[in-house]
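Within every chain, numbering begins at 1; the chains are lettered A, B, ... in the order of the sequence lines, protein sequences first and strands thereafter. Just so you know, these numbers come straight off a predicted model, no measurement behind them. Keep in mind that the numbers below use all heavy atoms, side chains included, and drop hydrogens, waters and symmetry copies.
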Amino acid sequence: MAELAEVETFRKELRNKICGQKIRKVWIRGSSLVFRDFPKRKQLPNMVEGKVIMAVGRRCKYLLIGIDRNLTLVIHPGMTGNLFLRERIAKRDRHCHMELYFRNFKLTFRDHRMFGRIFVLRNKEFTCFPGFAFLGPEPLSKEFNENWLYEKLSTRRAPVKALLLDQKIACGVGNIYADEACFIARISPLRQGRDLKHQDIERLVRAIKYVLKEAIKRGGTTIRDYRNPNGKLGANRPLVYGRFGKGCLTCGEKIYRTKVGNRTTFYCPACQQ
DNA sequence: AGAAGAACCTGGTAGC
DNA sequence: TGCTACCAGGTTCTTC
């Protein structure tokens, strides 16, 4: 679920609700694997209880909750992680891993597959944190442009789809939007990176920005598990992802399904060259 | 260095 | 109905 557009939806929905709110109480599942990268997890409640949320940001697929002046609660939802705003008395089940209690509601992190990650960074640890150090530029920024992508793809033999999933190249792009971007740019996901011409890369950059903006506008894409913090489904509908055997929305040919870099990949063999 | 594949997890479902 | 095998939107490690 959680690609850039879904995490951005989390950010927008949460920002107005939790900014300025004091964290009254924290509950964490002690044995939960989502804290496996955070050795000091037992101290998490002590670190943040009684403190105020100052900002809600995002970098790539990481949600960043700024607490007081010098702490950031970092949440990576992984494949199935979700954040929910709920009544304080709402029951937690065995897939809940963390709850932040505010005055009138609580924020719950739920993840049944436990590929998600949660940890806390102090400001001075932030810049040297390895998870952020090598991420590429935000795809919706000016720095993510045809020059950047050409530089990253033009020497590579790997399929362009696999390269788009590399967070050092196109951070925030995941399996769905990589397929969608290739479809809109009319580029086969199987083509080698070094095989793309400048004009192909220009179309691809435009397509990546377009699919992400549209998905954010619609509150993300729900294939299976994704819900926004209020429990609503994402309203974005993929043009090619998940449409195996159905007619291409451009030319009517059947959509193919294959594997690229071990990931399920959908494309139209007629439109995408 | 870079490409490919497996591993990490659980739950849902297709097929028998 | 019940069992097994396989599949899933992310990341990271190992092997070649």
Query raised in the report: Is A/L33 touching bases, backbone alone, or none of the nucleic acid, heavy atoms closer than 4.0 Å?
Result: sugar-phosphate

Report task. May I ask you to decide if the ring planes of A/Y150 and A/H198 are parallel, tilted or perpendicular, using 30° and 60° as cut-offs? Result -> parallel

Report summary line: In short, A/E253 meets A/A270 closest at the heavy-atom pair CG-CB, 3.5 Å

Requested in this report: Answer yes or no: does a side-chain N or O of A/H112 lie under 4.0 Å from OP1 or OP2 of B/dG12?
Outcome: no

**Report entry** Residues that A/P269 engages under side-chain contact (heavy atoms from CB on, under 4.5 Å), provided they are two or more places apart
**Finding:** A/Y256, A/Y267

Report summary line: Stems of at least 3 consecutive Watson-Crick or G-U wobble pairs (donor-acceptor distances under 3.5 Å) involving DNA chain B, listed by first number, are B:2-8 with C:10-16, B:10-16 with C:2-8

Query - A/H76 and A/Y62 aromatic ring geometry - parallel, tilted or perpendicular at 30°/60° bounds - result: perpendicular

Query raised in the report: For A/F115 and B/dG11, what is the distance between atoms CZ and C1' respectively, to the nearest whole Å?
Result: 12 Å

Requested in this report: Report yes if at least one side-chain N or O of A/K259 is closer than 4.0 Å to OP1 or OP2 of B/dA4; otherwise report no.
Outcome: no

Query raised in the report: Quick one: A/R117 CZ to C/dT12 P, roughly how many Å, whole number?
Result: 8 Å

Query - C/dT14 to B/dC9 separation - P atoms, rounded to the nearest Å - result: 15 Å

Query raised in the report: Any luck finding a side-chain donor-acceptor pair between A/S188 and A/Q273 under 3.5 Å?
Result: no

Query raised in the report: Within this structure, what is the CG-to-C1' distance between A/N262 and C/dT11, rounded to whole angstrom?
Result: 13 Å

Query raised in the report: If only side-chain N and O atoms of A/R94 are considered, is one of them under 4.0 Å from the OP1 or OP2 phosphate oxygen of B/dG11?
Result: yes

Query raised in the report: So what does A/P238 touch, heavy atoms closer than 4.0 Å: a base, only the sugar-phosphate, or nothing?
Result: nothing

Query raised in the report: Expressed as a whole number of Å, how far does the P atom of C/dC7 sit from that of B/dA6?
Result: 12 Å

